K.L.:
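Before I ask anything, let me first share the structure, which is written out below as structure tokens.
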Amino acid sequence: MQISQTDLAIIQALADDPRMPNKAIGMRVGVSQQTVAVRLRKLMDGNVIRVMAQRDLAAAGLPVLALAGISIDHSDLKAITRQLGSLPELFSVAVCPGTPDIYVNINCPTPEDVEQVAERIRALRGVRHCSTMVCRKIFKFVSGAGDLKSGAARPSLALTQDRLDQFIIDQLSDDGRRSLRQIAMSAGVSEGTVRTRLQRLTDQNIIRVGLICEPDMIGYQFSAYVFFDGEPAAILSAMDAMMPLNEASFLGVTDAGGGMALLVARTIVELHEICIEKLRAVPGIGNVTFRPLAFTTKHNFDYIHIVGQKFEPLGD
């Protein structure tokens, strides 16, 4: 599917407000409301974008995030990634050139549970080594990219015991632009009730309606994990420097005190420039390790860690 400048402008509008009405998008982009509706349908049917309610992992009982680096013997990469993808605690599986060969994102109730998952990984055939880094603090978590062709995993973690709240969450997980009137009619309650419930769910960081883009389709073909160390004040300064970057989708500090980032960009050069211009320029930052991702075999974008920051688009 060819992506036009009008499509990109519509995507940018949705990145700023995923539930922006078609009429408002049209006024902003300079096209008719009908054109917006047609282009949105094509973008969604073509698996270029999806708007959906993303659920908070802490609210789902999984507040601990860890990244595990896995070294394998290369006996069967596909078989190993398939086994890793079957573990429910693993929310992403990415293959990297070099060592470790694979990085996985683990979400669990406690750090002890993370270690139990790591032991299960070490027991897999073909795995030589697995080390984990628990994220002590998350500064930014924006899951605005994903493999839309494979789809998000069907939600299986209840966020609330309230049946109406859960119904609203399920409706918006299926379609984040579904009107409150439609949801109210399906639930048999007033539109005002749905609006009040949704506002509370959002204010309490239980869900966030977000825009998910297929990165390859809009020109973002490169991603990398970046690890860096330094004095605590320098790590915080580096976080401040990278927070505004649309290319920085994740920023956190590990249990060892180092910084960690996930970057997404148009070119490998852009990724490298961020490391040089933003990280190495911060006084007190020491080693910077740059690990580009070759490809991802699993990525759940329906559950995220909502930390209160404004959603930022993939864009200029």
Side-chain angles (χ1 to χ4, degrees), residues 15 65-71 91-106 129 131-147 213-297 299 301 304-305 307 309-316:
L65 180 151
L67 188 72
I70 303 169
S71 298
F91 279 63
S92 72
V93 179
V95 176
C96 300
T99 304
D101 306 279
I102 300 170
Y103 283 106
V104 298
N105 180 317
I106 303 172
H129 181 72
S131 61
T132 61
M133 296 178 286
V134 174
C135 193
R136 190 176 69 201
K137 182 174 182 180
I138 299 172
F139 288 81
K140 185 177 184 180
F141 194 124
V142 178
S143 185
D147 181 5
C213 300
E214 178 68 53
D216 290 352
M217 298 292 289
I218 60 172
Y220 281 74
Q221 301 178 357
F222 297 90
S223 54
Y225 280 113
V226 180
F227 307 98
F228 48 97
D229 58 32
E231 295 298 320
I235 297 293
L236 293 178
S237 296
M239 294 295 166
D240 289 340
M242 298 182 71
M243 276 288 288
L245 298 180
N246 294 334
E247 292 84 358
S249 62
F250 175 85
L251 296 170
V253 175
T254 70
D255 50 359
M260 178 172 66
L262 177 61
L263 306 178
V264 182
R266 293 185 179 91
T267 68
I268 200 75
V269 173
E270 286 184 4
L271 292 177
H272 191 256
E273 286 176 347
I274 291 173
C275 292
I276 294 175
E277 296 175 5
K278 296 296 181 181
L279 278 178
R280 296 188 190 279
V282 175
I285 290 295
N287 296 318
V288 177
T289 303
F290 178 75
R291 295 302 313 277
L293 308 185
F295 58 91
T296 300
T297 61
H299 178 63
F301 46 78
I304 63 174
H305 285 273
V307 291
Q309 80 280 351
K310 178 181 180 295
F311 179 87
E312 295 291 347
L314 288 171
D316 295 326

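For clarity, every value in this text was computed on a predicted model and none was experimentally measured.
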K.L.:
Please, which pairs that meet ring-ring contact (aromatic ring centres under 6.0 Å, His included) have at least one residue in residues 228-260, sequence neighbours excluded?
P.N.:
F141-F250
K.L.:
Mind checking the CD1-SG spacing from I106 to C135? Nearest 0.5 Å is all I need.
P.N.:
12.5 Å
K.L.:
If you measure from OG1 on T296 to CD1 on I102, what distance do you get to the nearest 0.5 Å?
P.N.:
11.5 Å
K.L.:
Using the test side-chain contact (heavy atoms from CB on, under 4.5 Å), find all partners of Q221 that sit at least two apart in sequence or belong to another chain.
P.N.:
D216
K.L.:
How many angstroms lie between atom CG of L263 and atom CD1 of I268, to the nearest 0.5 angstrom?
P.N.:
10.0 Å
K.L.:
Might you point out which heavy atoms bring L271 and A265 nearest each other, and give the distance in Å?
P.N.:
CD2-CB, 3.5 Å
K.L.:
Kindly write out the residues that satisfy side-chain contact (heavy atoms from CB on, under 4.5 Å) with L67, not counting sequence neighbours, or none if the list is empty.
P.N.:
Y103, M133, Y225, F227, M260
K.L.:
Which atoms form the tightest heavy-atom contact between G252 and M239, and what is the distance?
P.N.:
O-CE, 3.0 Å
K.L.:
Please report the interatomic distance CD1(I285) to CG(D229), rounded to the nearest 0.5 Å.
P.N.:
7.5 Å
K.L.:
Output the distance between atom CG (D255) and atom NZ (K137), rounded to the nearest 0.5 Å.
P.N.:
15.5 Å
K.L.:
With sequence neighbours left out, write down each residue that passes side-chain contact (heavy atoms from CB on, under 4.5 Å) with S237, or none if nothing qualifies.
P.N.:
V282
K.L.:
Atom CG of L251 and atom CD1 of I235: how far apart are they, to the nearest 0.5 Å?
P.N.:
11.0 Å
K.L.:
Sequence neighbours left out, what passes side-chain contact (heavy atoms from CB on, under 4.5 Å) with S71? Give chain and number order.
P.N.:
T99, P100, D101, R128, H129
K.L.:
Using the ring-ring contact (aromatic ring centres under 6.0 Å, His included) rule, collect all pairs that involve residues 257-284, keeping only residues at least two apart or in two chains.
P.N.:
none
